[in-house]
Amino acid sequence: MFKIATWNVNSLRIRLPQVLAWLQSTAIDVLALQETKLQDQDFPSAAFQEIGYHAVFAGQKTYNGVAILSRSPLNHVISELPGMGDPQKRLLCASHHDIRIVNVYIPNGANLESDKFLYKMKWLSELESFLKVQLQASPRLILLGDFNIAPTPEDVHDPQQWEGKVLFSPAERAAFQDLLATGLCDTFRLFPRDEKQYSWWDYRIAAFRRNLGMRIDHILASHPLCAQCHHCHIDREPRTWERPSDHTPVVAEFDIS
DNA sequence: ATGGTAGTTCAACTA
């Protein structure tokens, strides 16, 4: 059994006790983190090592920052998205045995009229190119992270209100489908689902209490791995804790010998 | 239609 998860922690400095507690209450093999907001010299490697996790990370001051925690050593690390020439630390790719793990913090995009949205679409386009190369070399691949895209109306609490807005625009949804078309499937949608299951709720407007959320954190797996995926769930519990991240973890399990 | 909160850093930006 192989259990992998993604969690946008919105500052690992603040959330470290929660991440440690959550890891110790689950049986996670690999955890992809986004928005660590830590420079590499400040990354709490020792704290994770004490509970049995190796860590690789790519951080910067104040914004962004990604990390992968793993019970087994990780290798062949890439922390730059080719084609971007980008100081923003939003991608971290590493191998866990023969599984290629691609952890992403896809840009938010602000709004459809902004330069940030152009940057988001460019980033998605470069990610698609990068994935094709990675899949060629590594047929067993998992792409996971904070995508900042709700792929379908079922992933949005009020799809009419959100139609055409950032996180749920036709262009972003099309880009998400382009990612799937490289040879991936959305593990969450491999199984029957209750409605209104989300991974992110705005801190404002008491969104969590009212379940006004969106499913924007995803675990996509290449087809050979999808055949071995037997479970995916959103763990709402950390979102109920004191001083939570605005995102909650998503977990997928694979039957891998 | 606007803004509501949270984190980083310390006025303003990102989300």
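So you know, we letter chains A, B, ... as the sequences are listed, proteins then strands, and number each from 1.
- Using a 30° and 60° split on the angle between ring planes, A:Phe254 and A:Phe2 fall in the tilted class, from 30° to 60°.
- A search for ring pair (Phe, Tyr, Trp, His ring centres under 6.0 Å) contacts involving A:Tyr198 returns nothing, not counting sequence neighbours.
- Evaluation of the ring pair (Phe, Tyr, Trp, His ring centres under 6.0 Å) rule for A:His231 yields A:His233 as partners, not counting sequence neighbours.
- Boundaries of the chain A contact region on DNA chain B are B:dG4 to B:dA15, first to last in 5' to 3' order (nucleotide atom under 4.0 Å from a heavy atom).
- For A:Glu237, the salt bridge (charged side-chain N to carboxylate O under 4.0 Å, His left out) criterion is met by no residue, not counting sequence neighbours.
- Remark on DNA chain B: of its neighbouring residues A:Arg90 and A:Gln39, the 5'-side contact belongs to A:Gln39, judged by nearest-heavy-atom nucleotide.
- In this view, A:Cys185 and A:Cys226 satisfy the disulfide bond (SG atoms under 2.5 Å apart) rule, not counting sequence neighbours.
- The gap from the C1' atom of B:dA15 to that of B:dT9 amounts to 16 Å, rounded to the nearest Å.
- A heavy atom lying under 4.0 Å from DNA chain B marks the following residues of residues 106-118 of chain A, by number: A:Asn108, A:Lys116.
- With sequence neighbours excluded, the residues satisfying salt bridge (charged side-chain N to carboxylate O under 4.0 Å, His left out) with A:Arg140 are A:Asp98.
- Under the rule for a salt bridge (charged side-chain N to carboxylate O under 4.0 Å, His left out), A:Asp42 has no partner lying at least two apart in sequence or in another chain.
- Taking the salt bridge (charged side-chain N to carboxylate O under 4.0 Å, His left out) definition, one finds that A:Arg100 meets it with nothing, sequence neighbours left out.
- Annotation: B:dC10 and B:dT14 have their P atoms spaced 15 Å apart (nearest Å).
- Both A:Asn10 and A:Asn64 sit near DNA chain B, but only A:Asn10 has its closest nucleotide nearer the 5' end.
- Distance alone, capped at 3.5 Å, is enough to place a donor-acceptor pair between the A:Arg210 side chain and the A:Ile205 backbone.
- When the ring pair (Phe, Tyr, Trp, His ring centres under 6.0 Å) test is applied to A:Phe168, no partner is found at least two apart in sequence or on another chain.
- Here the separation of B:dA11 from B:dA1, taken at their C1' atoms, is 26 Å to the nearest Å.
- Under the ring pair (Phe, Tyr, Trp, His ring centres under 6.0 Å) criterion, A:Phe208 pairs with A:Trp201, sequence neighbours left out.
- For the segment residues 202-216 of chain A, residues with any heavy atom less than 4.0 angstrom from an atom of DNA chain B are, sorted by number, A:Tyr203, A:Arg204, A:Ile205.
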